[in-house]
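Index from 1, following the sequence. Quantities reported herein were computed from a predicted structural model and do not represent experimental measurements.
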Amino acid sequence: SFVCQCPVRGGRMTSGDGEDRGNGYSHTGVDYGSYYRSEDIYAPMGGMVTHAGWSYWLGWTVVVENDGNQVILGHMCCGSSGTTGAPTGDSTIEVSPGDVIDAGDVVGQTGDTGNSDGIHLHFEVRQCDEAGRCQIQNPSGVFLPGQDSFCDWESLGSDE
């Protein structure tokens, strides 16, 4: 299943895919701010949860896989920002590895964990080959399983 909607309730796009981050680095994925508060995160794609835990750069993170595609949802609530190899604070993750979820299911809440600069969601898409090698893609340029029309991820969100 697939849903072309902002993955954060009341969210707004704050960083687009490919934006220059300085020092030769470009942003991978799309960030959605949630007006300085934790808000629900909705899975844009149905599939199997393959990771629901701590990630060095993305803090509390959920990864959903379906037919060679991965959707990465990072910086989830709660804990302090700053890159660390150890979890900070409690997680609001509502899914577990092995769970099969539908598009639109709540997987957790936005936060400021990992290498973060404020409460938001990092949304990233990767496509993987049969050997398991995954390449980061611009979310707006990929058709995810269940998607039958173009979804401009960078134009989604509310104007609160």
Side-chain angles (χ1 to χ4, degrees), residues 1-22 24-53 55-77 81 91-95 99-129 133-160:
S1 58
F2 174 81
V3 177
C4 183
Q5 70 179 25
C6 184
V8 176
R9 186 182 74 175
R12 71 191 185 298
M13 199 270 301
T14 56
S15 292
D17 184 76
E19 283 187 14
D20 182 18
R21 290 294 173 102
Y25 294 101
S26 296
H27 186 248
T28 57
V30 180
D31 286 350
Y32 296 97
S34 56
Y35 296 93
Y36 310 103
R37 63 181 179 258
S38 291
E39 293 289 353
D40 286 341
I41 298 170
Y42 302 94
M45 173 184 83
M48 180 176 287
V49 175
T50 58
H51 176 81
S55 168
Y56 184 81
W57 289 107
L58 293 176
W60 292 114
T61 302
V62 168
V63 178
V64 180
E65 292 190 20
N66 187 337
D67 195 27
N69 296 277
Q70 293 180 334
V71 167
I72 293 96
L73 306 165
H75 301 306
M76 298 171 80
C77 188
S81 66
S91 166
T92 60
I93 294 174
E94 297 185 18
V95 294
D99 288 354
V100 176
I101 63 171
D102 292 321
D105 285 354
V106 174
V107 296
Q109 292 189 323
T110 56
D112 188 24
T113 58
N115 188 16
S116 173
D117 58 2
I119 297 173
H120 72 287
L121 168 70
H122 175 82
F123 166 62
E124 183 174 305
V125 172
R126 296 180 184 179
Q127 291 187 314
C128 307
D129 64 20
R133 293 180 300 256
C134 302
Q135 298 292 319
I136 298 169
Q137 304 291 320
N138 179 337
S140 294
V142 173
F143 271 61
L144 297 170
Q147 185 175 351
D148 58 6
S149 62
F150 178 73
C151 185
D152 183 1
W153 293 101
E154 293 185 9
S155 70
L156 299 175
S158 71
D159 294 324
E160 260 191 344

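Within the model, atoms CG of Leu121 and CD1 of Ile41 stand 4.5 Å from one another, a figure rounded to the nearest 0.5 Å. Atom CZ of Arg9 and atom CD of Gln109 lie 8.0 Å apart (nearest 0.5 Å). Atom CG of Leu73 sits about 11.0 Å away from atom NE2 of His51, to the nearest 0.5 Å.
Pro7 and Trp153 make their closest contact through CD-CZ3, 4.3 Å (heavy atoms, listed as atom of the first residue, atom of the second, distance). The two residues Thr110 and Ser34 have their closest heavy-atom pair at OG1-OG, 2.8 Å. Heavy atoms only, all atoms of each residue included: Val3 and Gly104 are closest at CG2-N, 4.1 Å. Summarising the geometry of Pro145 relative to Phe2, their closest heavy-atom pair is O-CB, 3.5 Å, with the distance given to 0.1 Å. Heavy atoms only, all atoms of each residue included: Ile101 and Val95 are closest at CG2-CG1, 4.0 Å. Closest of all the heavy-atom pairs between Ser38 and Cys77 is OG-SG, 3.4 Å.
Looking at heavy atoms from C-beta onward, Ile72 lies out of side-chain contact with Phe123 at the 4.5 angstrom threshold. Under the 4.5 Å side-chain criterion, counting only non-hydrogen atoms from C-beta, Met45 is not in contact with Gln147. For the pair Tyr35 and Arg12, the minimum side-chain heavy-atom distance is below 4.5 Å.
For Glu94, there are no salt bridge (charged side-chain N to carboxylate O under 4.0 Å, His left out) partners at least two apart in sequence or on another chain. Listed by chain and residue number, nothing satisfies the side chain to side chain contact (heavy atoms under 4.5 Å, CB included) test with Asp148 (two or more places apart in sequence, or in another chain). Here Ser26 pairs with nothing under the side chain to side chain contact (heavy atoms under 4.5 Å, CB included) rule; sequence neighbours left out. Listed by chain and number, the residues in a side-chain hydrogen bond (donor to acceptor under 3.5 Å, both in side chains) with Gln5 amount to none (sequence neighbours excluded). For Glu65, the side chain to side chain contact (heavy atoms under 4.5 Å, CB included) partners are Thr50, Val63, Gln70, not counting sequence neighbours. For Thr92, the side-chain hydrogen bond (donor to acceptor under 3.5 Å, both in side chains) test picks out no residue, with sequence neighbours left out. Not counting sequence neighbours, Asn66 has no partner by the side-chain hydrogen bond (donor to acceptor under 3.5 Å, both in side chains) test. Scanning for side chain to side chain contact (heavy atoms under 4.5 Å, CB included) contacts around Ser55 gives Leu58, Thr61, with sequence neighbours left out. With sequence neighbours excluded, the residues that form a side-chain hydrogen bond (donor to acceptor under 3.5 Å, both in side chains) with Thr28 are Glu124. Applying the ring-ring contact (aromatic ring centres under 6.0 Å, His included) rule to Tyr32 yields no partners; only residues at least two apart in sequence or on another chain are considered.
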Could you go through residues 111-118 and list every donor-acceptor pair under 3.5 Å that involves a side-chain atom there, pairing it with any protein atom two or more places apart or in another chain?
from: Asp112; atom 1: OD1; to: Ser116; atom 2: OG; distance (Å): 2.6
from: Asp112; atom 1: OD1; to: Gly118; atom 2: N; distance (Å): 3.0
from: Thr113; atom 1: OG1; to: Trp60; atom 2: N; distance (Å): 3.0
from: Thr113; atom 1: OG1; to: Met76; atom 2: O; distance (Å): 2.9
from: Ser116; atom 1: OG; to: Gly118; atom 2: N; distance (Å): 3.4
from: Ser116; atom 1: OG; to: Gly118; atom 2: O; distance (Å): 3.0

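Without hydrogens or angle criteria, Glu154 side chain to Ser140 main chain gives no donor-acceptor distance under 3.5 Å.
For Tyr25, the OH atom counts as loosely surrounded, since its 6.0 Å shell holds 12 or fewer non-hydrogen atoms of other residues, nucleotides or ligands.
Ring pair His122/His27 is perpendicular by interplanar angle, where above 60° counts as perpendicular and below 30° as parallel.
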